[in-house]
Amino acid sequence: MTSVGAIERYLHNCIRCGTCKYLFRDYRPSCPSGEYFGFETYYASGRIGIARGIATGDLEWDETLLRPIFACTTCGSCEVQCLAPHRDHIVEMIEELRAQAVERLGALPHHRAFAEKIQSVHNPYGAAHHGRRIATKLDLPRTAPVVYFVGCTSMYRENEIRDATLHILSRLGVDFTVIDEYCCGSPLLRTGQAGLAVQVAAHNVREIANSGARVVVTSCAGCLRTLRDDYESLGLSTGVEVLHITEFLAEHLTREHLTRMDLTVTYHDPCHLGRHAGIYEAPRAALETIGVETMEMSRNRANAWCCGAGGGVKSVFPDFALWTARRRLEEASETGAEVLTSACPFCRRNLSDTADGYRLDVRDVVELVDRALR
Amino acid sequence: MGESNVADGEGERYIYSYDMTENEPRRPVAVVMPATVEEVQAIVRLANERRTPLVPFVTGQNVGGLTIPQVDGAVIVDLRRMNRILTVDEDAMYALIEPGVTFGHMKRYLGRHSPGLRYTYPLAPPFTSIVANALLQGLCDLSTRRGAMENFINGFEVVLPTGEIVRVGSGILGEDNWFGRYPLPDLVGLFSGWQGMTGIVTKMAVQLWPKQPYVRYAALFTTDEEQTVGLLRRIVRTQVLDDADCMSVSLVKMLLGAEPPVDIYPDEPQYATLLTVSGQNELEVEGKYQAVAQAVARERSRDRRVNLIDWDAITVLMGRDANSWVDFPSDAFKILAEYDGLTWVGTYVHPARWATALKRGREVVERYGFELMAFLKPMNGMHYGELKFIVRFPKDPETIERVRQCNSELLDVLLALGAIPYKTPVWAARRLLERCDSGFVQLLRRIREFLDPNGILNPGRYSL
Ligand SMILES: Cc1cc2nc3c(=O)[nH]c(=O)nc-3n(C[C@H](O)[C@H](O)[C@H](O)COP(=O)(O)OP(=O)(O)OC[C@H]3O[C@@H](n4cnc5c(N)ncnc54)[C@H](O)[C@@H]3O)c2cc1C
Ligand code: SF4
Ligand code: SF4
């Protein structure tokens, strides 16, 4: 969550040195927003500068500020490159600035629209609320030690990820269930609409408590970050261990479960899983366990180029989102791999939306694991 | 250029109105980002017709307020999209580059495509413009041997304030011929040192050098100003050094991880100098190193506090940062990235006055309560030196005012010693021009009027 006061605390730290524009000691681009839009305003330093101007009163609120404030995927690469004292708080500052912008000028129309959908049907896509229908269909118990938090994008759009995860958990004999989940709140928090996020978070925390679970597993990098870190900043706690499915697999998946796959794969680190949650190795370990041949893209782990979908960008700046994805697809193609895999439904979605013309099959890690288990 | 490369939002107008220094901000009316020389030419022609002030910009990190418009109604011409390295000529050893090419990009490019050649790198952030720094006569990690970066310009293509495209240097005989500036009337001087007032350079040929296979570094610790300067002069006059960066020991302590504000105690070394020697083989490097060591040993026989420490020992203390410092100084600049404010009074100064300048400047900085971060680099084989007092500061109104007063006093001290301010902010240029030879000032004005009759390029800069 946009911890109150990050802008205030780091008001006088960004020297505008531009180190965050490129990968440290590598000198290739790091910031999708700056690369696409070009002006200084679209880099981290520009956003921090706007925040500072607003805080000191040198800059008045104005509609034209909304573009630079919101055209950022909150990918966090700037945090990895910056050498200054505020380096770990840049995204926090940007999100705080967004919250201020929403308070003063209102949310961007697309962002407001998905907030309204979350309010009415509990998911940003406006789909009929799913409730626990899957639980009925799969005959899952009301309480269990493990909860699979499906997430809206897997539930309503990228169903393959949901189905693969459900199948994996069943095949591994995990005693799990699903809850009557609401949107985790990530899209709200990333777009400066924290008020509603508190409400959905409170619902989810209650549902998790009622399930009796000790562990919540997500297949979505955004849900993971939100449940694990942001809820605490909102003053709530799930009180359970929150794991990404690939972390869970590290403990439960062994080679004896699997049919070896003859595939070459390159792995894209989702920003919310990698830079935001520090999980780089678990997905790679899962790929190694299923025996595919992995080839790294040249910008990987903390230096990975963003897929382009995050931070509310996909809905408001679709061309920018797809442009960013294409840069990643090009990099993936250079590895010569057949499959571009990721561990986040949002990455899968944005990368597949523009994958035509690339000889790459875009899949989530869980889809490959599921295939190896069949 | 397309609409997406023009911006006049409040965000852009604000962000391009200031830099990291204490210089007064002023908002431009718009920012444009051309990608080709034709686009630059079209912008300049239109501006000339409409009398619109233009301010060339690449990353705005000159530490002199040099991209802050001095008049209302200005348009910033952000050249970052012109970022191609057009050729590297291995025979004549030069690179032909556009203004958006930064030191970081050059390093990467040469590392991949011409590993036998090197460029020269400043202690600036990695993503600052090579072309802009060469035009500003900046300094870098070969400057002790080879002087200011203007010396490394072989020529360039430039759009004049009236819109014509011209070339200077041997490139006047066509592409693939940018080997040098002589023997010709040296028109580089019409543009270099002019802070973007006489033309917009759209490509530049800069010299490269063979990368020496053997390099050795050492740190020299010395006590007071007289000793430091005296020993430094003797060492540099051996002519064996590639580079020498002398700085207040507080800077080195910060590199070693000391938290600011860093104290320096009277009985410890006050200055540390990073020395570089290189050669074709170990024997050559060892010979050069011994020349340095002998000079140091003579001084040490008088004062045991003087010390020459091999870089391997420093690496043990500093870890990875020690390597980055010597490999690519930009990677070590982070000690200057503590606050949103950074400034200095920087000058090129006569060697006989270094010690006095260091002492008097130190008094000023300490009186104003800022950390002492003096920096001295012998330049061009010991013909002169760059001397600056760096101040990093939080940009709150009270501190900004204190910085202004401190810099003002520093400038007076240094001007009185005949030092020439570099990357000169308007206020400092004004004071220089008040004191200097009046014929020089007249000539500056005449040249400017001749090249830019409507005064559209960076008007007000250099207090002209
Ligand atoms: C922490 C720090 C340390 C530094 N250390 C050093 C150092 O060790 N040595 C050193 O030399 N410098 C140093 N610098 C300064 C800096 O690196 C240079 O001044 C910089 O490279 C200039 O590039 P820029 O992109 O900032 O240019 P800008 O600031 O954008 O432009 C500088 C000036 O050039 C003009 N200009 C820009 N492009 C053109 C063009 N194409 N044609 C005509 N005029 C043009 C502008 O109008 C302006 O007047 C340091 C800076 C910082 C922040
Ligand atoms: S965010 Fe950090 S790296 Fe980026 S300009 Fe500011 S200080 Fe430099
Ligand atoms: S979070 Fe990503 S897109 Fe946003 S400023 Fe930082 S690097 Fe750029």
Side-chain angles (χ1 to χ4, degrees), chain A residues 10-31 34-43 45-71 81-87 97 101 319-320, chain B residues 4-20 25 27 31-33 35 57-61 76 78 80-81 102-109 111 124-128 320 324 327-328 330-342 392-397 399:
Chain A
Y10 300 104
L11 195 61
H12 290 301
N13 290 107
C14 172
I15 190 176
R16 226 171 95 188
C17 61
T19 304
C20 52
K21 292 178 178 175
Y22 300 93
L23 302 181
F24 189 57
R25 296 197 171 116
D26 176 290
Y27 320 114
R28 277 178 300 166
S30 57
C31 170
E35 281 303 302
Y36 183 77
F37 293 97
F39 297 103
E40 291 286 316
T41 6
Y42 289 84
Y43 289 98
S45 49
R47 301 190 167 97
I48 295 172
I50 291 174
R52 199 191 61 154
I54 295 286
T56 57
D58 290 339
L59 186 59
E60 301 266 304
W61 280 109
D62 181 275
E63 295 279 335
T64 60
L65 297 177
L66 293 174
R67 233 171 114 80
I69 291 175
F70 284 96
Q81 322 310 333
C82 173
L83 304 172
H86 59 286
R87 58 176 295 175
L97 178 64
D319 293 346
F320 163 42
Chain B
S4 60
N5 294 306
V6 180
D8 63 355
E10 284 308 311
E12 286 74 28
R13 293 188 58 220
Y14 174 67
I15 293 296
Y16 286 83
S17 73
Y18 65 86
D19 67 6
M20 57 189 72
R27 288 181 204 196
V31 185
V32 295
M33 284 194 302
F57 177 104
V58 186
T59 72
Q61 295 192 65
I76 301 272
D78 184 335
R80 71 179 303 270
R81 291 172 70 216
T102 69
F103 292 96
H105 295 122
M106 181 73 118
K107 181 165 164 61
R108 179 177 168 86
Y109 185 93
F127 308 110
T128 52
R320 206 167 121 97
S324 65
D327 182 37
F328 187 48
S330 290
D331 287 348
F333 95 96
K334 69 176 173 193
I335 47 170
L336 303 180
E338 184 76 15
Y339 302 111
D340 56 346
L342 181 81
R392 44 179 210 174
F393 62 101
K395 284 180 101 180
D396 58 75
T399 314

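We use all heavy atoms of the structure for the numbers below, so side chains are in, but hydrogens, waters and symmetry mates are not. Naming: A, B, ... by sequence-line order, numbering from 1 per chain.
Proximity to chain B is limited to the backbone of L11(A), based on heavy atoms less than 4.5 angstrom apart. Contacts of L336(B) with chain A are made by backbone atoms alone, with heavy-atom separations under 4.5 Å and no side-chain atom involved. Proximity to chain B involves both the backbone and the side chain of C17(A), based on heavy atoms less than 4.5 angstrom apart. Contacts of R27(B) with chain A are made by side-chain atoms alone, with heavy-atom separations under 4.5 Å and no backbone atom involved. For Y109(B), no part lies near chain A; criterion is any non-hydrogen pair under 4.5 Å. Interface remark: E338(B) contributes backbone and side-chain atoms alike to the contact with chain A (heavy atom separation under 4.5 Å). In this structure, the portion of R80(B) lying under 4.5 Å from any heavy atom of chain A is its side chain and not its backbone. For N13(A), the parts sitting under 4.5 Å from any heavy atom of chain B are the backbone and the side chain alike. Heavy-atom distances place no part of D8(B) under 4.5 Å from chain A, backbone and side chain included. Heavy-atom distances place both the backbone and the side chain of I50(A) under 4.5 Å from chain B.
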(Q) Run E12(B) and T41(A) through side-chain hydrogen bond (donor to acceptor under 3.5 Å, both in side chains) and show every step you take. (A) CA-CA 6 Å; E12(B) 286 74 28; T41(A) 6; 2.8 Å; yes
Q: Evaluate the criterion side-chain hydrogen bond (donor to acceptor under 3.5 Å, both in side chains) for residue pair Y16(B) and D78(B); output intermediate values, then yes/no.
A: CA-CA 10 Å; Y16(B) 286 83; D78(B) 184 335; 2.7 Å; yes
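By the 4.5 Å heavy-atom criterion applied to side chains, Q81(A) and L23(A) are counted as neighbours. With a 4.5 Å cut-off on side-chain heavy atoms, E35(A) and Y43(A) count as touching. Annotation: side chain of E40(A) is in contact with side chain of K21(A) (closest heavy-atom distance under 4.5 Å). When side chains are defined from C-beta on, P125(B) counts as touching Q61(B), because their heavy atoms get closer than 4.5 Å. L65(A) has its side chain within reach of I54(A): a pair of non-hydrogen atoms, C-beta onward, lies under 4.5 Å apart.
Put simply, of D62(A), I15(A), I69(A), the one with the most heavy-atom pairs under 4.5 Å next to chain B is I15(A). For the set T102(B), N5(B), T128(B), the count of heavy-atom pairs under 4.5 angstrom toward chain A peaks at N5(B). Listed options R28(A), R47(A), R25(A) were ranked by heavy-atom pairs under 4.5 angstrom with chain B; first place goes to R25(A). Interface check for chain A: of the options K395(B), R13(B), M20(B), the most heavy-atom pairs under 4.5 Å are formed by K395(B). Among A84(A), G18(A), S45(A), the residue with the largest count of heavy-atom pairs under 4.5 Å with chain B is G18(A). Top candidate by heavy-atom pairs under 4.5 Å with chain A, chosen from S17(B), G9(B), G104(B), is G104(B). Contacts with chain A were tallied for D19(B), V31(B), I76(B); V31(B) has the most, counting heavy-atom pairs under 4.5 Å.
The side-chain tip of R87(A) does not point at the ring of F24(A) from less than 6.0 angstrom away and within 45° of straight on.
Residues satisfying the ring pair (Phe, Tyr, Trp, His ring centres under 6.0 Å) test with Y36(A), not counting sequence neighbours, are F320(A), W323(A). Residues satisfying the ring pair (Phe, Tyr, Trp, His ring centres under 6.0 Å) test with H86(A), not counting sequence neighbours, are none.
Taking the six-membered ring where the residue is Trp, Y42(A) and F37(A) present parallel rings, their angle staying beneath 30° rather than reaching 60°.
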